[in-house]
Number of protein chains: 4
Amino acid sequence: MRHKKQAKRAAILEAALREFTDNGFADARLSAVARNAGVAKGTLYLYFDSKEKLFEGVVRETLLPSGEEGIISDNPHHLSTEAFRRSMLASVADLQNSGRSGIALVVLTEGRQFPQLVEIYVNAVLEPVLAQIDRLAHSDDTARLDVLRRFPQLLIAPVIAGLLWNRFMTGYPPIDLVDIASAQLALVLGDEAASNTAESNEIMD
Amino acid sequence: MRHKKQAKRAAILEAALREFTDNGFADARLSAVARNAGVAKGTLYLYFDSKEKLFEGVVRETLLPSGEEGIISDNPHHLSTEAFRRSMLASVADLQNSGRSGIALVVLTEGRQFPQLVEIYVNAVLEPVLAQIDRLAHSDDTARLDVLRRFPQLLIAPVIAGLLWNRFMTGYPPIDLVDIASAQLALVLGDEAASNTAESNEIMD
Amino acid sequence: MRHKKQAKRAAILEAALREFTDNGFADARLSAVARNAGVAKGTLYLYFDSKEKLFEGVVRETLLPSGEEGIISDNPHHLSTEAFRRSMLASVADLQNSGRSGIALVVLTEGRQFPQLVEIYVNAVLEPVLAQIDRLAHSDDTARLDVLRRFPQLLIAPVIAGLLWNRFMTGYPPIDLVDIASAQLALVLGDEAASNTAESNEIMD
Amino acid sequence: MRHKKQAKRAAILEAALREFTDNGFADARLSAVARNAGVAKGTLYLYFDSKEKLFEGVVRETLLPSGEEGIISDNPHHLSTEAFRRSMLASVADLQNSGRSGIALVVLTEGRQFPQLVEIYVNAVLEPVLAQIDRLAHSDDTARLDVLRRFPQLLIAPVIAGLLWNRFMTGYPPIDLVDIASAQLALVLGDEAASNTAESNEIMD
DNA sequence: AATGAATGAGACTTCATTCAT
DNA sequence: TATGAATGAAGTCTCATTCAT
C-alpha cells in the first residue's frame, strides 16, 4: 500500500497545483482541491497540516524536481555565452510549457504572506539562475556584460513581466516567453544570429 | 463643511491604500481601514459601496492623478530618443517615490479577480507608456529599435520585475528602479552616456 | 410657523404611509421616507421617536380620521338591514379607494410584532364595525341572523381576504372589494336588490 | 448514517418553521434557528444555501406533503355538495391542527418579497381548492351557486380571515376555523341540516 | 428646528479545520 | 486510513439612531 498512499498524495498535489494556479492562494478552496483529487476534505489533513503547508508542498514538489535538474543545467565553472543562451532558453521553454509558471506566479504574487515560500522559490529557482548569470557576467570581461554584474535580474525580467502580462492582460496578444527572452539575450549578449544564422530577428548595434 | 467630508474621504483612501498595499485585496480588512482612517466601519459605506468599490476608488484616485499629467508627457508626434529617455526615467522615479507602485503591484497581482481594474490600470498607465514606446519605435528606422516594435513591453519589464523583487525579495539588496530602467534603456537605445562621457552607463537628465 | 411644522409632519406621514404600504414595516427604509418627505433623516426624529412610533403615527392618523366619521356611520341604536348594507358598502368603497387599505394590510400582516398597533387598529376600525354588526345581528330575531351572532367576522372576512388576494395574487384578476362584500351581504342578509332599489351597487344575477 | 443526516435536516426545518412562524421572514434569526435545532450556525448552510432557500424549504416541505394528498381529495368529475362539504371541512380541520397554518400565513404575509413562494403556495394549496370550488359551482345549476362562479374565494375567505384573527387578535376569543367554515358553507350551499330537518334557515328567495 | 455625516450593533454568510464514525 | 458532517471565528455589509454643526 505504499504507492497507493503516494498516488493519493500525488493526486492531492496535482489538484492543489491546479487550484492554486487558477485562483491564487487566498481564493483557493480546499473543498475544490479535495473534490478534484477525489478524496474527502478531511483526508487532505492526513497529508498536509494546513492550507499553507499544502501550498508549500505544491511549491516544493512542483518547482524543485525541475529545479534539481537545474533550471539552467550545466557543468563547467566557466560558461560560454552560447551555452548559457541555449540553457536559458531551454529553461524558459520548459517553464512556459509546464504548469510551473503558474505556481511561480502565485509565489511571486502572494509572496507577501509567505516569506518562507519565497525563500524556497528563491533557493530552488532563482538563486541557481542568478548564480549562472553571475558566472556568465564574470566569464568574459567585455564591457557589455558589465550591466549583468550590476543587474543580473535584467535577464529574467522579461520572462517575469511576460508571465504577468500573459496572465492578466488577456485581451492583448500573449507574449511568447522564449521569444522575448531571446530578444533580451540578444540585447545583452549580442545577437547570436549574427554569428550563426541568417534568418532571425536580429538586434544589434 | 465641504472639505471636512473631502478630508474624511481622503483619510479613508489613504488608509485603504496602505491596507491594500500591505495585504492585497483578499486579506485587506475593512475594520483595519476604518480604524486607521479614524472612522467607524459603517462610515466606509458612506463613501464606497463595497470593498471592491473602495479598491477601485483607491486605484483610480491613486493612479489616475499622475496618469492625467501623463506618465510620459510630451508633445510632438515624433519623439527624440533623448526626450523619451528623460520622460521615461522621470516616470519611473515618480513611480518609485510615490505610493503608487504598491497599488500597481496589487492590481497586477490580483488582476484575475478584477479585470476591470486591470483595464483601468492599463488605460491609465500602461497604454500611454506603450503608445509612447511604439511612437519611439517608429520614430527612427535604425534596426536596433526593431525589437521594440515586437516587444514594446521590453522597456517596462525591468521596472515590473524590479517592483516585484523589491517587494518580495526582502533580504536581498533592493533594486533601484531608475537605475535598472536606465540600464535597459541603454541596452535598447544605446548608451547615451557613450555619446557624451567616456565610460559609465549612468543616466542623467 | 405653526402650519409650517404641521405641513412637514404631514409630509412625513404621507411619505411613511407610502413606504410602509409598499414595503411593509420591516423593509421600510427611513431614508426613503425622509427622501420622499423632502426632509433629512434626522428630522424624522424631531417628529417621531422611532420607526415604530412613526408607524404608529401613520396608523393613527391614516386610519383614525375616517374612523372618526365612523367606518360605518349611523345614529340609531336599532339598525335597519338596508341602512347597514349601505353603510357597510360605503365603508368598503372608501377603504378600497383610499390608501388606507394598504396600511391596514400591513397592520394585520405584521401585527405579530406590534400588538399595540393591532390594538389601535382594532379599536379604531374593527370594533365599531363589529359593534355595528352585532347590533344588526340583534336587531332582528329572524334565525337567519343567528350566524352573525356567532361569527360577526363573517361579514368582513371577504373584504380581508380580498385585500390579501389583491396584494399578493398578482397575476390573477383582482377582486372588487365592494362586489365581494355585496355578495356576502346578500348571502347573509338576503338579496336586497330583490326587495327594493334599482340603483345601487347591488349584486345579483 | 443516512437517517442521522435526515434527522438533522428535519430538526433544522422544524426549528425554522417555528422561527419563521413566530417572527416572519425578516425578523427570523438564523442564529435562533440554529440554536433551536441544536446545530451550529454554519451547519444550516450544509442543508440550505441561504435564508431564502431555507424559507423555501420550509414552505415546500411543510405545505406540499399535505398538498399532495390533495387538500381536498376526491375522485369524480362531478362533485356532490355533501362530498365537497366534508372534504373542505376536513381540510380546514387539518390546516387548523397542523403547523401549516402558521407558515401559510407568513407566505401570504410576506408574499411581496417572495413571489415564487406565493406561486408555490398557490399551486400547491390554493389552486386545487379553487378548482374544486369551481367544479362544485358548475356541478349544479341552482342559482345559489352562481355566487361561487363569480367569487370562488368566498368559501375560503372566512378561513383566511380566521387565521389572521386568531394570530393577531389575541385577547379576543379565537375563532374555530372549522366552525366558521361550516357556517359559511351553510350560507352558500344551504344548511346541510336542511337535508335532514324540515325547518331551516336556507338562504334564497 | 434642521441637517446629514457618523455610528456600531448585529445580521447573513464563508470556509479552514476538527472529530466521531 | 478515510470520511464528510459539523463547527465557529471572522468577514462584509445594513440601517435605525445619534449628535455636532
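Hydrogens, waters and symmetry mates play no part in the numbers below; they use all other heavy atoms, side chains included. In what follows, every chain begins at residue 1, and chains take the letters A, B, ... in the order their sequences are listed.
Salt-bridge annotation for B:Glu56 and B:Arg60: present, with a side-chain N of the basic residue lying under 4.0 Å from a carboxylate O of the acidic one.
Residue C:Leu30 places its side chain closer to F:dT17 than to any other of F:dT17, F:dT3, E:dT13. Residue A:Tyr45 places its side chain closer to E:dT17 than to any other of E:dT13, E:dA2, E:dT17. Comparing F:dC13, E:dT17, F:dA10 against the side chain of D:Lys41 picks out F:dA10 as the nearest. For B:Leu46, the side-chain atoms get nearest to E:dT7 when compared with the rest of F:dT17, F:dA2, E:dT7.
When heavy atoms are screened at a 4.0 angstrom cut-off, A:Ala28 is found touching the sugar-phosphate backbone but no base atom. The residue B:Tyr47 sits close only to the backbone: its heavy atoms come under 4.0 Å of sugar-phosphate atoms, none of a base.
With a cut-off of 3.5 Å on both pairing distances, the Watson-Crick or G-U wobble partner of F:dG8 is E:dC15. With both pairing distances under 3.5 Å, E:dT21 is matched to F:dA2 as a Watson-Crick or G-U wobble pair.
Along DNA chain E, the nucleotide nearest D:Ser31 and the nucleotide nearest C:Val39 are compared for position; the residue whose nucleotide lies closer to the 5' end is C:Val39. Nearest-nucleotide positions on DNA chain E place B:Gly42 closer to the 5' end than the other of B:Gly42 and A:Asp49.
Using cut-offs of 30° and 60° for the angle between ring planes, the D:Phe55 and D:Phe114 rings count as perpendicular.
Look at CG on D:Asp27: it is 14 Å from C1' on F:dC15, rounded to the nearest Å. We find that CZ of C:Phe20 is positioned 9 Å from P of F:dA16, with the value rounded to whole Å. When the C1' atom of F:dT7 is taken as reference, atom CG of D:Leu44 falls 12 Å away, rounded to whole Å. One atom, CZ of A:Phe48, and another, P of E:dT17, lie 14 Å apart when rounded to the nearest Å. The interatomic distance linking C:Glu19 (CD) with F:dC15 (C1') rounds to 13 Å, in whole Å. Rounded to whole Å, atom P of F:dT7 lies 14 Å from atom CZ of D:Arg35. Protein atom NZ of B:Lys53 is 15 Å distant from nucleotide atom C1' of F:dC13, rounded to whole Å. To the nearest angstrom, P of E:dA11 lies 16 Å from CG of D:Leu54.
Checked by atom type and distance alone, the side chain of A:Lys51 pairs as donor or acceptor with a backbone atom of A:Ala28 at under 3.5 Å.
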- Start with the C-alpha distance between C:Glu19 and C:Asn23, add both sets of side-chain angles, then the distance that settles side chain to side chain donor-acceptor pair (under 3.5 Å), and finish with yes or no. CA-CA 6 Å; C:Glu19 180 72 8; C:Asn23 302 318; 2.9 Å; yes
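The number of heavy atoms from other shown groups lying within 6.0 Å of CZ (A:Arg167) is above 12.
Just one residue in the list D:Thr62, D:Val59, D:Val33 forms a side chain to side chain contact (heavy atoms under 4.5 Å, CB included) with D:Leu17, and that residue is D:Thr62.
Taking 4.0 angstrom as the limit, B:Lys8 places a side-chain polar atom (N or O) nearer than this to OP1 or OP2 of E:dA6. For B:Arg29, a side-chain nitrogen or oxygen approaches OP1 or OP2 of F:dG11 to under 4.0 Å. The side chain of A:Thr43 contributes an N or O atom lying less than 4.0 Å from OP1 or OP2 of F:dT3.
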